[in-house]
**Student:** 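There's a structure below that I have some questions on.
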Amino acid sequence: LAPGGVGAFLAWGDPALYDSTLRILQRVGAYVDIDYDVVPGITAIQVLTARHRIPLNDVGEPVLITTGRQLRDNGLSGSAVVMLDAQCSFLTCAPETRIWWGAYLGTPDELLFAGTVGEVGQQIAQARADARAEHGWIMDTYLLRLPR
């Protein structure tokens, strides 16, 4: 941009939650004098739970927000929202684990699956691979809950 110019970064969802947009702007700010505002969006988590018509948490229970790698390395101990999971780490969970999965949330290409990992895990993995092949990319997230 020319001095005094105006530019924008548009992030899908909430840039403060799991997107790298804010990290990029902070790095740019180390080299260039910039001023920016952050306007929060609707998170993928909010869309996921709204589309599945479920609350994010069980009454009085916490929810962990994590990555697929952390799920694979540490397992599940309650409820967790998992993002950034190219490896379908939910398949490492017990078959009776509940999963609510969504991709391209809030778009016309939205995909949704819900059930137990044993019931729908392989269907999700296949739908994810098919959608990524069709679109060239995929942005998905899911909520896991251990059975009570």
Side-chain angles (χ1 to χ4, degrees), residues 7-31 34-148:
F9 277 91
L10 178 62
W12 184 10
D14 190 333
L17 187 56
Y18 66 97
D19 194 279
S20 291
T21 304
L22 295 179
R23 290 178 189 89
I24 293 168
L25 289 172
Q26 290 167 351
R27 285 189 178 180
V28 169
Y31 300 98
I34 61 171
D35 182 33
Y36 60 90
D37 290 320
V38 176
V39 179
I42 298 297
T43 67
I45 298 168
Q46 291 169 298
V47 178
L48 179 75
T49 57
R51 292 293 195 261
H52 283 289
R53 298 180 178 137
I54 57 169
L56 178 60
N57 65 311
D58 283 330
V59 176
E61 295 296 324
V63 175
L64 174 69
I65 299 174
T66 192
T67 63
R69 180 178 3 177
Q70 290 295 320
L71 177 63
R72 287 189 312 276
D73 291 350
N74 301 310
L76 180 65
S77 62
S79 294
V81 171
V82 181
M83 301 180 191
L84 305 175
D85 183 15
Q87 306 300 317
C88 295
S89 300
F90 54 85
L91 294 172
T92 66
C93 294
E96 64 274 8
T97 304
R98 298 276 312 154
I99 184 169
W100 294 268
W101 179 88
Y104 312 109
L105 293 163
T107 75
D109 296 317
E110 184 174 273
L111 299 170
L112 297 171
F113 284 88
T116 66
V117 169
E119 294 167 343
V120 299
Q122 290 299 327
Q123 293 172 27
I124 293 170
Q126 187 61 56
R128 188 183 193 289
D130 293 346
R132 189 175 196 298
E134 179 182 345
H135 299 286
W137 63 280
I138 190 163
M139 186 64 72
D140 61 336
T141 190
Y142 54 91
L143 171 64
L144 294 171
R145 238 181 234 141
L146 289 174
R148 293 188 221 177

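Any value given below was found using the heavy atoms of this structure, including those in side chains, with hydrogens, waters and symmetry copies removed. Just so you know, these numbers come straight off a predicted model, no measurement behind them.
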**Student:** Where do Asp58 and Ser79 come nearest, in terms of heavy atoms and distance?
**Tutor:** OD2-OG, 4.4 Å

**Student:** Is the backbone N or O of Gly106 less than 3.5 Å from a side-chain atom of Glu110, with the two atoms forming a donor-acceptor pair by type?
**Tutor:** yes

**Student:** Kindly compute the distance separating CG (Leu143) from CH2 (Trp101), expressed to the nearest 0.5 Å.
**Tutor:**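 Atom-to-atom, Leu143:CG and Trp101:CH2 are 14.5 Å apart.
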
**Student:** Counting C-beta onward and ignoring hydrogens, is there a side-chain heavy-atom pair between Tyr36 and Gln26 closer than 4.5 Å?
**Tutor:** yes

**Student:** Side chains of Asn74 and Gln70 only: does a donor on one sit below 3.5 Å from an acceptor on the other?
**Tutor:**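 Judged by distance alone, the side chains do pair up.
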
**Student:** What are the two closest non-hydrogen atoms of Ile138 and Ala131, and how far apart are they?
**Tutor:**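 Result for this residue pair: CD1-CB, 4.1 Å.
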
**Student:** When you look at Ile124 and Asp140, which way does the side chain to side chain contact (heavy atoms under 4.5 Å, CB included) test go after all the steps?
**Tutor:** CA-CA 11 Å; Ile124 293 170; Asp140 61 336; 5.8 Å; no

**Student:** Under 4.5 Å between any side-chain heavy atoms of Leu111 and Tyr104, yes or no?
**Tutor:** yes

**Student:** Does a side-chain heavy-atom distance below 4.5 Å link Val81 with Leu56?
**Tutor:** yes

**Student:** Mind checking the CD-SG spacing from Gln126 to Cys88? Nearest 0.5 Å is all I need.
**Tutor:** 10.0 Å

**Student:** Between the side chains of Thr43 and Gln46, does any donor sit under 3.5 Å from an acceptor?
**Tutor:**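 A pair is found: one side chain offers a donor N or O, the other an acceptor, under 3.5 Å apart.
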
**Student:** Between Leu71 and Leu144, is any pair of side-chain heavy atoms under 4.5 Å apart?
**Tutor:**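 Yes, side chains in contact.
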
**Student:** Grab the two heavy atoms, one from Phe90 and one from Gly121, that are nearest each other, plus how far apart they are.
**Tutor:**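 Of all heavy-atom pairs spanning Phe90 and Gly121, the closest is CE1-O, 3.4 Å.
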
**Student:** If only atom types and distance count, is the side chain of Thr141 paired as donor or acceptor with the main-chain N or O of Val82 below 3.5 Å?
**Tutor:** yes

**Student:** Shortest non-hydrogen contact from Met83 to Ile65?
**Tutor:**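 Met83 and Ile65 have their closest heavy atoms at CE-CG2, 4.2 Å.
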
**Student:** Looking only at the side chains, is there a donor atom on one of Ser89 and Arg72 sitting less than 3.5 Å from an acceptor on the other?
**Tutor:** yes

**Student:** Around atom CD of Gln122, are there more than 12 heavy atoms of other residues, nucleotides or ligands at under 6.0 Å?
**Tutor:**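 No, the 6.0 Å shell around CD holds no more than 12 heavy atoms from other groups.
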
